[in-house]
2 protein chains.
Amino acid sequence: MRNKRQSIKDIATKLGVSPTTVSFVLNGKGEEKKISKEVINRVREYTTAINYKPNMVARSLRTGRTKILVFMVEDISNYFFSRIARIIEDIAYSKGYRVLFCSNENQDKRSRDLLNLFYERQVDGFIIIPSSGIRSDIKELIDNDIPVVLFDRYFPDLDTHYVVIDNYAASKNATQHLIDNGYRNIAFITTDVQQLQMLDRKRGYLDAVSKEGLQPTVLEIPFDDTDSKKGRELLRGFFSKKDGLDAVYFSTNYLTRSGLEIIKEIDAQAIADLGIVTFDDNELFRINTPTISAVAQPMEAIAQELMRIMLHLLKHKNKVSETIQVTLSAELIPRGSSLAKEKV
Amino acid sequence: MRNKRQSIKDIATKLGVSPTTVSFVLNGKGEEKKISKEVINRVREYTTAINYKPNMVARSLRTGRTKILVFMVEDISNYFFSRIARIIEDIAYSKGYRVLFCSNENQDKRSRDLLNLFYERQVDGFIIIPSSGIRSDIKELIDNDIPVVLFDRYFPDLDTHYVVIDNYAASKNATQHLIDNGYRNIAFITTDVQQLQMLDRKRGYLDAVSKEGLQPTVLEIPFDDTDSKKGRELLRGFFSKKDGLDAVYFSTNYLTRSGLEIIKEIDAQAIADLGIVTFDDNELFRINTPTISAVAQPMEAIAQELMRIMLHLLKHKNKVSETIQVTLSAELIPRGSSLAKEKV
DNA sequence: ATGAAAGCGCTAACAA
DNA sequence: TTGTTAGCGCTTTCAT
C-alpha cells in the first residue's frame with residue numbers, strides 16, 4: 001500500500017471544498033474564519049481517516065518560519081553539553097520548537113559549515129558556544145536579523161546576547177578551597193586555547209595562589225593533544241617529576257579523565273593523598289575512589305536562561321533594544337578528593 | 001547594515017540575466033548547459049561578493065529532498081549513543097547529508113511525535129532505536145517509502161533493515177568469564193522492559209549460569225525507576241540481604257552507575273572482592289577503582305554499517321529488493337573488577 | 001547560449 | 001461562509 005502523499009489540494013478536491021477552507025480548518029482557524037461546523041467536521045474526519053501529514057517545507061517556504069532552533073557546542077557527547085541540550089530541547093518542545101544539535105569540535109571551519117547549513121535551511125534561531133574564530137560569522141547572523149544567543153563564552157568586542165558563568169570567581173574559589181584544606185603546592189592543568197573562559201579560570205587560580213603567597217604551577221596541554229598520546233606524555237612527564245605536588249586542579253573535564261588515569265598509573269596509592277578538584281561535574285565522579293570534588297556549573301539555570309532569552313527574541317522578531325547578558329555562578333561540590341589534609 | 005536576503009531573482013535582475021542562468025551556474029551546471037565563460041564568471045563573482053546563501057527550504061520543496069537524516073535514540077547524552085551519533089554524523093557529512101539527533105526517552109509518545117515531526121519536514125531517512133510500541137509507526141514510514149534503518153533492537157515480525165549485536169552470545173560470554181574466574185554466585189541486574197535485546201542478555205546469563213549448574217539470581221528494576229529513589233531502594237535492599245553474592249553483572253550502563261554507588265555505600269571494602277561486569281563500556285570505567293570490566297559494543301562498526309545501509313537505500317530511492325539485516329558481535333574487555341578469584 | 005514559465009504545497013489577502 | 005488567486009524561492013522543461 002504505497003499511499004501517495006496527500007496534499008491539501010487533494011483533500012479539498014475529494015471533499016468538494018477549497019484548499020483555503022481545508023487550510024483554515026487544519027490550522028485551527030475554523031471558528032475564527034466562520035467555517036460551518038459541518039464542513040469543519042468533514043475535514044477533520046477525513047484528514048484523520050487518511051492520516052494526513054502537512055508538508056512543513058512548503059509551509060516554511062510560505063511563512064518564512066521553520067520552528068527549528070540550532071544548539072551548537074564543542075561536543076554534544078560531553079556530559080555538560082548534552083545535559084544542557086536535553087533541558088533546552090524540553091523547553092523548546094513545549095513551545096512548539098524543535099532543536100537541532102550539533103558539535104563543532106571547537107573548529108572554526110566546522111562551525112562555519114554548520115552555521116551556513118542551518119542558515120540556508122532558514123532555522124529560526126541559534127544557541128551557540130562559539131569557537132574562537134567565528135566572530136564575523138556570528139556578526140553576520142546578527143546583521144541578518146537571526147536570533148543568536150551565545151553561552152559558555154562570548155566575544156568581548158561583539159555586542160551579543162549571552163549566558164556565561166563567572167569562571168574567575170568559581171576558579172578562585174576552587175583553588176581557595178584546596179588552600180583552606182591544607183594544600184600548598186597546587187598544580188593547574190589546562191589547555192593552551194586562548195578562550196575567555198579558560199583565561200578566566202587561570203586568572204582565578206593564579207590570584208588565589210598568589211594571594212596566599214604560594215607558588216603557581218601551570219601545565220598547558222595543546223588543545224589538539226588533550227586526548228592524544230602526546231598529551232598523555234606531557235601529563236606523564238609532568239606528574240613524574242613534580243614530586244613536591246600535593247594537589248591538582250583541572251580546568252576542564254576532558255583533561256581530568258586522562259589526568260586521573262595517568263596519576264593512577266604512576267602511583268596508585270598517591271591519588272589518595274593528592275588533593276584533586278576539577279571543573280565540570282560528572283555523575284561518575286561520585287562513584288570514583290576517591291570521589292572527586294568538582295566545580296559544577298548550574299546546567300539547569302544556564303539552559304533556562306538561554307531559552308528565556310531565545311524565546312524573547314523570537315517573540316519580538318529579534319527587535320529588542322538592549323542586549324541581554326547573563327552571568328551565573330558555579331558551585332563547588334567538595335568530595336573525598338579534596339578533604340582537609342592533616343598538617344605534617 | 002540589514003541586508004535583505006538576496007534571492008536568485010534579485011541576482012538575475014542585478015546582472016541582467018535570467019534566474020535560470022544563475023541557477024545553472026550556482027549548481028555547477030554552467031559548462032554542461034553551455035553558459036558562456038564570461039557569464040559564469042560574472043555570476044560567480046557577484047554571488048561571492050554579496051555572500052549569497054541559497055534558500056534550501058525552497059530547493060527542498062522543489063526537489064523533494066532535504067539532505068537531512070534523523071538519528072533517534074533513547075538518550076543522546078548516553079555515551080554509547082552519542083559516540084555512534086558522532087561517527088554517523090561524520091560519514092553523513094562527507095556525503096552531503098546533515099544528521100538531526102533526538103532522544104525518545106524510550107517513550108512511544110515522544111518517538112511518535114518526533115517521527116511525525118521529521119516526516120512532516122520531509123527528511124530523507126531515519127536511523128532509529130525504536131521504543132517498543134512504535135511498530136506501526138515504523139511500518140507507516142516504510143509503507144510511505146521512507147528509508148528506515150533500525151539498530152540496537154528491532155521488531156521480529158516486521159521486515160526492516162537493521163543492525164544489531166548478538167546480545168545473547170555477548171551476555172553468555174560475559175557471564176562465563178565471571179564463572180571461569182571463580183565466581184559462583186552471580187547476580188544479574190537488569191530492567192523489566194520486555195525489549196528483545198534485554199531479554200537476549202538475560203537468556204545469555206541464565207544459560208551460562210545453568211550450564212555450570214549454578215543458581216541464577218535476577219533483579220529486575222522497573223524501567224522508570226532505574227534512576228529514581230525507588231530504584232535505588234530496590235538495589236540497596238537487594239545488596240544488603242544478599243551476602244552470599246560474589247559477583248554482579250549489570251545488563252545496561254545506566255544501572256551500573258547507581259549500582260556501584262550503592263555497593264560502595266553499603267560496604268566500601270566489599271567492592272574490591274566482588275566480581276563486576278557491565279554491559280556497555282565507558283571511558284571512566286578505566287579510571288574507576290577497581291577498573292570495571294565491560295562488554296563493549298563495536299560502536300565504529302555499528303555506525304559504519306548503519307550508514308552503509310542508509311546510503312544504499314538513498315541511492316536506490318529506497319527500491320531495494322532484499323532487506324538488509326546485520327548482526328555484529330560485542331567484545332568483553334576484562335579489567336580489574338573481574339580478576340580471577342583465589343579459591344577459598 | 002540563454003530565457004520564459006510552470007509548479008513543488010502551503011497560506012492569506014481579497015473577492016464573492 | 002467559502003473560493004480565487006498570488007506568491008514564497010527554487011529547479012527544470014521546453015522554447016528560442
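In what follows, chains carry the letters A, B, and so on, assigned in the order in which the sequence lines appear, proteins first and then strands, with residues in each chain numbered from 1.
- A rotation axis mapping the C1' atoms of four pairs onto the next four is fitted at both ends of the helix from C/dA1-D/dT16 to C/dA16-D/dT1 over five pairs, and the angle between these axes is 50° to 10 degrees.
- As rounded to whole Å, 8 Å separates atom P of C/dT11 from atom CG of A/Leu26.
- Considering only heavy atoms from C-beta on, A/Met72 stays 4.5 Å or farther from A/Ile129 through its side chain.
- Nucleotide D/dC10 holds its P atom 10 Å from the CG atom of B/Asn27, rounded to whole Å.
- Contact check for A/Tyr93 versus B/Arg110: side-chain heavy atoms found under the 4.5 Å cut-off.
- Using a 4.0 Å heavy-atom criterion, one finds that B/Lys29 contacts the sugar-phosphate atoms exclusively.
- A 6.0 Å sphere centred on CD of A/Glu105 holds more than 12 heavy atoms belonging to other residues, nucleotides or ligands.
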B/Leu100/A/Arg98 under side-chain contact (heavy atoms from CB on, under 4.5 Å): CA gap, chis, key distance, verdict: CA-CA 10 Å; B/Leu100 239 139; A/Arg98 281 314 93 200; over 6 Å; no
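- Note: CG (B/Leu15) to C1' (C/dG3) measures 15 Å, nearest angstrom.
- In this structure the side chain of B/Phe155 reaches within 4.5 angstrom of the side chain of B/Leu150, judged on heavy atoms.
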Per-nucleotide protein contact string for nucleotides 2-9 of chain D (B base, S sugar-phosphate only, - none; heavy atom under 4.0 Å): BBBBBBBB
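- Side-chain polar atoms of A/Gln195 and A/Asn106 form a donor-acceptor pair below 3.5 angstrom.
- For the pair B/Glu32 CD and D/dT13 P, the interatomic distance rounds to 11 Å; values are reported in whole Å.
- By the 4.5 Å heavy-atom criterion applied to side chains, A/Phe24 and A/Glu32 are not counted as neighbours.
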Criterion side-chain contact (heavy atoms from CB on, under 4.5 Å) on A/Ile84 and A/Phe71, from CA distance to verdict: CA-CA 10 Å; A/Ile84 289 180; A/Phe71 180 80; 3.8 Å; yes
